[in-house]
Amino acid sequence: MKLNPLLLLLFLAAMCWSCNDQCKETRITRRFTNVTHSLLELRTMVKNESPRALERPGKMYIKGDYLFVNEIKSGIHIINNKDKSHPEFITFIRIPGNGDMAVRDNILYADSFSDLLAIDVSDPSNPKEMQRIKNVFKNGLFDGGTWTLNETTGAINDQNVDFVTETVTVNCEEGVNPGWWGGWMNDSFAQSSFSGSSSSAPSSGGSSGKAGSMARFALHQNFLYTVTQNSLHLFDVAIPSKPKDFSTINFGWGIETIFPHDNKLFIGSNTGMFIFDNSNPAEPKQLSTFQHGRACDPVVVQDNIAYVTIRTGTFCQGSQNQLDLVDVSNPSSPQLIKSYQMENPHGLSIDSPTLFLCEGEHGLKVFDVKDKFKIDKNLLAHCKDMDAFDVISLGKTLLLIGKDGFYQYDSSNPKDLRLLSKIPVGKAI
């Protein structure tokens with residue numbers, strides 16, 4: 001019997017429609033909750049509290065014998081780190097809306113939603129607020145949810161995000177679209193509106209500390225630089241305890257990190273890397289932009305090579321997981337050397353010829369980078385039992401922070417990192 005082609009087509013379509021009705025898919029979606037905070041109330045909430053356990057560790061900053069660890073959106077732990085095998089919690093400074101920090105001499109700079117605070121930590125057990133510059137930050141980002149300053153009402157409109165796993169019925173032919181939702185799946189440490197600084201350049205204005213590659217605060221000479229989502233904000237810190245609002249440079253959108261190096265500022269964004277000439281610290285000038293596909297990234301620089309990580313699993317909705325090496329010997333014309341595929345690269349630190357690279361839930365990788373064209377062939381070590389977010393190399397010591405806590409290693413032998421101490425989430429030492 002000869003089948004009517006039209007009837008056959010309708011029959012097959014019906015079968016597919018039936019199949020599509022039965023398909024189910026597990027998705028991680030975002031649910032937003034909007035909260036309004038009174039600035040008047042927020043400004044009365046900054047206070048010293050007894051030491052407490054890590055709950056949602058964010059950025060880290062090291063200055064001398066003291067370690068400063070951000071508790072996302074809540075404040076800063078001060079930890080005596082003189083004995084790296086037994087770090088000791090000293091104080092917790094409650095700072096609502098905090099995500100970032102930097103230290104000049106004995107002054108801790110920290111954001112509190114829209115305000116910049118200067119806090120005297122010369123007595124770590126009894127920090128004292130010295131100065132507050134109000135309403136200098138207009139917006140920010142915490143875990144994928146934004147906050148904005150309403151100067152008319154004097155309030156912060158804060159958008160919180162919960163990640164919810166749902167099983168939904170979908171068309172069988174509907175492919176998963178990681179650009180829409182998958183990019184949010186692994187962002188357990190999406191950063192706040194600003195991030196601690198990585199102060200690699202010497203400062204003529206006083207002694208500064210050092211932070212990881214996720215930095216949005218950076219100290220150089222007599223200035224504190226902070227990047228928001230769309231601007232570079234300068235503060236005069238010639239007198240550390242009395243910072244002054246100095247100037248703002250507006251550019252682009254999706255600005256994420258800042259790294260000072262050899263009178264240059266390297267600024268990471270979700271579309272590329274901006275390079276600024278900072279030979280006049282009071283007036284940075286943009287030299288160039290190195291562009292890549294849409295993805296979140298930090299950057300560190302050493303020996304005229306910029307190391308840039310690009311990853312999925314963030315609000316940037318990128319589709320690449322890779323390490324880019326960029327020649328910045330001519331900062332006006334950066335050139336790609338080579339790209340290497342990674343699993344989900346986050347923060348990184350370079351102590352040539354050793355590169356320490358965080359791979360999120362895939363742990364920490366250590367590479368020998370002497371041969372820029374064979375980095376993937378020179379993996380020295382891979383620590384897998386951690387969720388690594390950012391890392392700081394201090395020569396023979398390595399600091400690492402992640403979803404499950406804070407780690408310190410003896411890194412004198414990069415092939416065999418030796419754990420000195422760990423502060424797990426949920427426990428204060």
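Quick caveat: nothing in here was measured; it's all calculated off a predicted structure.
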Sequence neighbours left out, what passes side chain to side chain contact (heavy atoms under 4.5 Å, CB included) with [X]? Give chain and number order.
X: I337; value: I305, L325, D327, K372, F373
X: A155; value: T36, T153
X: P124; value: Y66, I78, I90
X: S279; value: D277

Which salt bridge (charged side-chain N to carboxylate O under 4.0 Å, His left out) pairs, counting each pair once, include a residue from residues 335-353, with sequence neighbours left out?
E343-K365
Using ring pair (Phe, Tyr, Trp, His ring centres under 6.0 Å) as the criterion, list what pairs up with [X], not counting sequence neighbours.
X: H37; result: F113
X: F276; result: F251
X: F92; result: H77

Mind checking what makes salt bridge (Lys or Arg N to Asp or Glu O under 4.0 Å) contact with K285, not counting sequence neighbours?
E283
Quick test of your reading of the model: are R94 and E71 salt-bridged, counting only N-O distances below 4.0 Å?
no
In residues 243-250, what donor-acceptor pairs under 3.5 Å come from side-chain atoms, sequence neighbours left out?
unit_1, atom_1, unit_2, atom_2, d
D245, OD1, H233, NE2, 2.7
T248, OG1, H233, ND1, 3.2

Residue set satisfying side chain to side chain donor-acceptor pair (under 3.5 Å) with D65, at least two apart, ordered chain then number -> none
Just to verify, what does T397 make a side chain to side chain donor-acceptor pair (under 3.5 Å) with, not counting sequence neighbours?
none
